[in-house]
Protein chains: 2
Amino acid sequence: MKCKYIVHNLFYEGFTMSKLSEQSDQVVNLSLDKQLCFSLYSASNAMGRAYRPLLDKLDLTYLQYIVMMVLWEHDSVSVKSLGEKVHLDSGTLTPLLKRLEAKGLVIRARSEHDERVRVISLSEQGVSLQQQAESVPQAMLCQADMPLEELQALKQGCDRLFAKLMK
Amino acid sequence: MKCKYIVHNLFYEGFTMSKLSEQSDQVVNLSLDKQLCFSLYSASNAMGRAYRPLLDKLDLTYLQYIVMMVLWEHDSVSVKSLGEKVHLDSGTLTPLLKRLEAKGLVIRARSEHDERVRVISLSEQGVSLQQQAESVPQAMLCQADMPLEELQALKQGCDRLFAKLMK
DNA sequence: AACAATTAAATAGTGCACAACTTAAATTAA
DNA sequence: TTAATTTAAGTTGTGCACTATTTAATTGTT
């Protein structure tokens, strides 16, 4: 029962290694402290909260900041290609892009070759916001206050898990 | 400029190591691929998506599942103590607990000693749901398909980052 | 050319997360 | 024992994430 053992260690501390059919007389302990997914979820939420005071100064949310980073890197992208880069779909991106447009940071044009696609590009204001955003990663890093190797390892782990969960 | 170097490696690939005042002639490359926070955010979103088909069978969202796990472990908890365990506040939990109550899974009583506190406890249906939930962590683990040590290291990294961002 | 299938984006509706605020009960201090 | 303070939970409003569906443009097939 190899899989059972793994579950015991990673997800359920206090979960006995008896067969599933013998569970009637035991309390299955779903210890939250031992769940990787909960740690990931909590860390991601905490990250969002940590970004907030920094991004408030730019009047951006974290996802808006992410989208702006894509645009600072590529300038013109379709909603589809943007969605592939940030791993989100039009259901999330369309209203977000409308808000960025309302703030005057992006332009939502139509492609001339294909009327279906929206071409998102930066306004002058959107371009100039990049300078203000440059201090953000540094500020976040100071808050993390962890060895670089550890942060890199954490990033790699997240990337690997993401890749596994996507296929 | 140690901090600059770190930022270069972890956040901005292609960011030169020149002083900030010399940036006028370079394109600052905010490469999304190199951002730890984005990896964390994407992995957390992917995790939520991976849980969904499993939790749909239990008619639970991921956060509802998390809250049920706390209750399966402790049975009776106040909103405040629940919030401390799941790192969320009443703004998120109150509506969620009302939905769990509407499904007949929990009971939202008042404390007799202190009328301010809500005591959340499991209904019979809430208790019996635990058996159906037991297969969920195993199913998730199969999807992750990564060495146990790596998943444990990832969990540790998330926990350490969370702790740093919280203080 | 006509029509079916595909594709890109938008829309509608649910449920988080969060900040800011309100309400009401309990505690403390004057 | 009032009055000020603190505390627990709830409320309001914004912005994600996501599923399912719709609209409209393009492509493919006969």
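Heavy-atom basis, side chains included; hydrogens, waters and symmetry copies ignored. Here is how names work: the chains are called A, B, and so on, in the same order as the sequence lines, proteins then strands, and each is numbered from 1.
- Among residue pairs with one or both ends in residues 80-125 of chain B, those qualifying as ring pair (Phe, Tyr, Trp, His ring centres under 6.0 Å) are A:Phe38-B:His87, B:His87-B:Phe162; sequence neighbours excluded.
- For A:Arg99 and A:Glu115, each mapped to the nucleotide of DNA chain D holding its nearest heavy atom, the one lying further toward the 5' end belongs to A:Arg99.
- Between B:Tyr51 and B:Tyr62, the two ring planes are tilted [angle within 30° to 60°].
- The base of D:dT26 is not paired with the side chain of A:Arg116 by any donor and acceptor separated by under 3.5 Å.
- Here C:dC16 presents its C1' atom at 13 Å from OH of B:Tyr62, a figure rounded to the nearest Å.
- If you find the closest nucleotide of DNA chain D to A:Gln64 and to A:Asp89, the one lying nearer the 5' end belongs to A:Gln64.
- Panel note: side chain A:Trp72, backbone A:Leu129; no donor-acceptor pair is recorded below 3.5 Å.
- Taking the nucleotide of DNA chain C with the nearest heavy atom to each of A:Gly48 and A:Leu97, the more 5' of the two is matched to A:Leu97.
- B:Ser90 comes within 4.0 angstrom of a nucleotide base, judged by non-hydrogen atoms across all strands.
- The separation between A:Leu60 atom CG and C:dC18 atom C1' is 17 Å, rounded to whole Å.
- One finds no side-chain N or O of B:Lys80 lying less than 4.0 angstrom from the OP1 or OP2 phosphate oxygen of D:dT6.
- Base engagement by B:Thr92 is indicated by at least one non-hydrogen atom pair under 4.0 Å involving a base atom.
- For the OP1/OP2 pair of D:dT19 and a distance below 4.0 Å, the side-chain nitrogens and oxygens of B:Arg49 include no atom meeting the criterion.
- Formation of a donor-acceptor pair under 3.5 Å by the B:Thr94 side chain with backbone atoms of B:Ser90 is found in this model.
- Atom OH of B:Tyr51 and atom C1' of D:dC18 are 18 Å apart (whole Å).
- Dashed line: the shortest gap from a side-chain N or O of A:Lys103 to OP1 or OP2 of D:dG15 is not under 4.0 Å.
- Side-chain N/O atoms of B:Arg118 include one lying less than 4.0 angstrom from OP1 or OP2 on D:dG10.
- Contacts of A:Leu88 with the nucleic acid, taken as non-hydrogen atoms under 4.0 Å apart, involve only primed sugar atoms and P, OP1 or OP2.
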Go through the steps to decide whether B:Val86 and B:Thr92 satisfy the test side-chain contact (heavy atoms from CB on, under 4.5 Å), and finish with yes or no. CA-CA 11 Å; B:Val86 303; B:Thr92 301; over 6 Å; no
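- Going from atom CZ of B:Arg110 over to atom P of C:dA24 covers 11 Å, rounded to whole Å.
- A side-chain N or O of B:Lys103 and one of B:Gln64 form a donor-acceptor pair less than 3.5 Å apart.
- Atom CG in A:Leu55 sits about 16 Å away from atom C1' in D:dT14, given to the nearest Å.
- Contacts of A:Leu96 with the nucleic acid, taken as non-hydrogen atoms under 4.0 Å apart, involve only primed sugar atoms and P, OP1 or OP2.
- The residue among A:Arg52 and B:Asp114 whose nearest nucleotide of DNA chain C lies closer to the 5′ end is A:Arg52.
- Separating the CG atom of A:Leu63 from the P atom of C:dC18 is a distance of 15 Å, rounded to the nearest angstrom.
- To the nearest angstrom, P of D:dC18 lies 10 Å from CG of A:Leu93.
- The nucleotide whose nearest atom lies closest to any side-chain atom of B:Thr61 is, among C:dC16, C:dA10, C:dA8, C:dC16.
- Taking the side chain of B:Thr94 as heavy atoms from C-beta on, and the options C:dA25, D:dA9, C:dA8, the nearest nucleotide is D:dA9.
- Rounding to whole angstrom units, OH of residue A:Tyr41 and C1' of C:dA17 are separated by 7 Å.
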